[in-house]
Amino acid sequence: MAEENYINLTIDGTQVKTKEGMTILEAAKSVGIDIPTLCFLKDINEVGDCRMCIVEVEGRKGFATSCIQKVEEGMIIHTHSPAVLEARRVILDLILSNHHKDCLTCSRSGNCELQNLAIKFNVQNIEYTGKQSEHTIDDLSPSIVRDFNKCILCRRCIATCKNVQKIGAIDCMNRGFDSCISTVNNQSLRDVNCTNCGQCIEACPTGALREKDNTDEVWKALKDEKKYVIVQTAPAVRVALGEEFRYANRYKCNRKNGNGS
Amino acid sequence: MPIGTNVTGKMVTALKKLGFNKVFDTNTGADLTIMEEGNEFIERLSENKNLPMITSCSPGWVKYIEMNYTENLKHLSSCKSPHEMYGAILKTYYAEKNNINPNSICVVSVMPCVAKKYEANREELSNQGMKDVDIVITTRELARMIKQGNIEFVELEDSSFDEPMGEATGAGAIFGTTGGVMEAALRTVSEKLTGNSLEKIEFETVRGEEGIKRATVTIGEKEIKAVVAHGLANAQKIMEEIKSGKADYQFVEIMACPGGCVMGGGQPIKSSKTRMTVDVRKKRADALYTIDEKSVIRKSHENGVIKKLYDEFLEKPGSHKAHELLHTHYIAKEKYNI
Ligand code: SF4
Ligand code: SF4
């Protein structure tokens, strides 16, 4: 077997030795440096569209898109320089200015990549206030709800549906401000070639795609004394359910340390 | 809690706390599916009819073939999926035995899947006007209900599924990963065909992440060629082989989601960051293989509940009654071109 080629570079002052062919994003990750991303989804959507992952490469004009740019010998990279941070903040502000910020009632609150970025950037006010697009929510499918008021046009869902599933039920329609992810003739997902697989939900960084929530019906049945309610659980549920819970609550309300939240 | 932690015991406790009258295991339904599907396969094999036979547990996959390969629907197994079979049994056999009015029974399925919501609404999946399954919620929705119910999940003690319908095998557990249905079926089909106990019950060739897995299995004097595909792009490749007459295999397992149910569209959502560094599929699948390994009974046909069910009610796999309750048919759907 041919020997693998290694590349030496510097990321945020740290000497890094990585395999040839790695992206800057991967190389940074390998030494524990986290570069924010939005449209990037490993193996599925690696297109460098949203530019959230930009970095500075010394001696080069403009920013490099770290999720697609490969490492090169001798590169000196700054992932969090003031210029990078400011540019990222502008990108984030533009996205947030056209996003329905109803996190309080969103199924992804606490597990949203956009919300996490807003926290990371300490967003306390949004610089741009522009036109907001208004889309009707599509909840006719028995499986999937689409709320494109929360969509950030990252296209991770499209890539999943088109390339992983080879269905192409959803695509980007229109251009510019009117761009939106939709179906043929803007029909409901119920009425097109969607298989209801839900892989697009797994790909979405926000609450724009989510499952049809039927928990109210379950609560209603549980409260109905005339009903004999039997529950059954599939094999895959038991090896994933735990991921939705954290151990942290055990240490809650530690008032002595002034950490009461 | 870490990805791939088996929380069966806590999950059952939480469901009991939420107030369900009974907490049962779909793995038992999976064992029943293997009995019916295994029998169907053996019949098709002996008549050399409608081969290859393709599994029908994944409702996204079923909808896909109904829309895209209408001329090949005869290859699909007529078996309902495990939770639908189980629902049908709960509203007949179980209701009768326990003197419960079947009309008052509400079956709730907790699934890693959003296509199951669509499946449960299919008209064919009912019996005498009663839906086999009334409500489907996903893993994520169950987590929300547990939080809403003010249950401190990580602190819960373990408990077991309710008797007498709770017993399930390791074969049922591996249904949740790509290759699992095939492996469970091969265990039962081999022993049924030869009448002998298998020396090694693991079929490693159908495990793992490869998008399309091909295996040749010797059963007695027969050689059976099996194919496992997951993710619909891979399913399409297999369907093109079948359509063009190039398929030289007899048994096919297809799951719509890449990785199978462990990576279903109703499972906890992992961020792009996590997906970059952690093999989520492998961690969850390994947990299922561990459940199988630790199970006392690892073959569907050795499940006591299932044996009793056939003795007392269904007679034998493929019987008239089994067909009425556990099998279904498929409907060619209009294909939409983009
Ligand atoms: S559910 Fe599956 S088929 Fe439907 S839009 Fe999403 S990825 Fe595509
Ligand atoms: S729906 Fe979600 S995944 Fe699709 S483009 Fe919008 S934000 Fe991205």
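Protein chains get the first letters and strands the later ones, always in sequence-line order, with residue 1 at the start of each. The figures that follow rest on heavy atoms only: side chains count, while hydrogens, waters and symmetry mates do not. All values derive from a computational prediction rather than experimental measurement.
Contact of L209(A) with chain B is not made at all, since no heavy-atom distance falls under 4.5 Å. With a 4.5 angstrom heavy-atom cutoff, L288(B) touches chain A via backbone and side-chain atoms both. Only the side chain of L222(A) comes within contact range of chain B, with heavy atoms under 4.5 Å apart. For K226(A), the part sitting under 4.5 Å from any heavy atom of chain B is the backbone (N, CA, C, O) and nothing else. With a 4.5 angstrom heavy-atom cutoff, R210(A) does not touch chain B via any of its atoms. Both the backbone and the side chain of A240(A) come within contact range of chain B, each with at least one heavy atom under 4.5 Å from a heavy atom of that chain. Contacts between L25(A) and chain B at a heavy-atom distance below 4.5 Å involve backbone atoms as well as side-chain atoms.
Listed options D224(A), D34(A), I144(A) were ranked by heavy-atom pairs under 4.5 angstrom with chain B; first place goes to D34(A). Options F24(B), W61(B), F161(B), F175(B) differ in how many heavy-atom pairs under 4.5 Å they form with chain A, and the most are formed by F24(B). For the set G149(B), G60(B), A235(B), the entry with the most heavy-atom pairs within less than 4.5 Å of chain A is G60(B). No other option in E119(B), M263(B), K10(B), M111(B) has as many heavy-atom pairs under 4.5 Å with chain A as M111(B). Looking only at heavy-atom pairs under 4.5 Å with chain A, the residue among L142(B), N234(B), L232(B) that has the most is L232(B).
Residue K116(B) forms a side chain to side chain contact (heavy atoms under 4.5 Å, CB included) with just one option from S58(B), C261(B), S109(B), S81(B), and that option is S81(B).
With hydrogens and angles left out, the side-chain atoms of N111(A) and R140(B) include no donor and acceptor closer than 3.5 Å. Side-chain contact of N121(B) with K131(B): a donor-acceptor pair under 3.5 Å is present, judged by distance alone. No donor-acceptor contact under 3.5 angstrom links the side chains of S66(A) and Q69(A), judged on distance only.
A donor-acceptor pair under 3.5 Å links the side-chain atoms of N45(A) to the main chain of C154(A), judged by distance alone.
No more than 12 heavy atoms of other residues, nucleotides or ligands sit less than 6.0 Å from atom CZ of R155(A).
Taking the charged nitrogens against the carboxylate oxygens, E244(A) and K147(B) have no contact shorter than 4.0 Å, which rules out a salt bridge.
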As a quick check of understanding, evaluate side-chain contact (heavy atoms from CB on, under 4.5 Å) for V133(B) and Q232(A), giving each step before the final call. CA-CA 10 Å; V133(B) 169; Q232(A) 55 165 322; 4.0 Å; yes
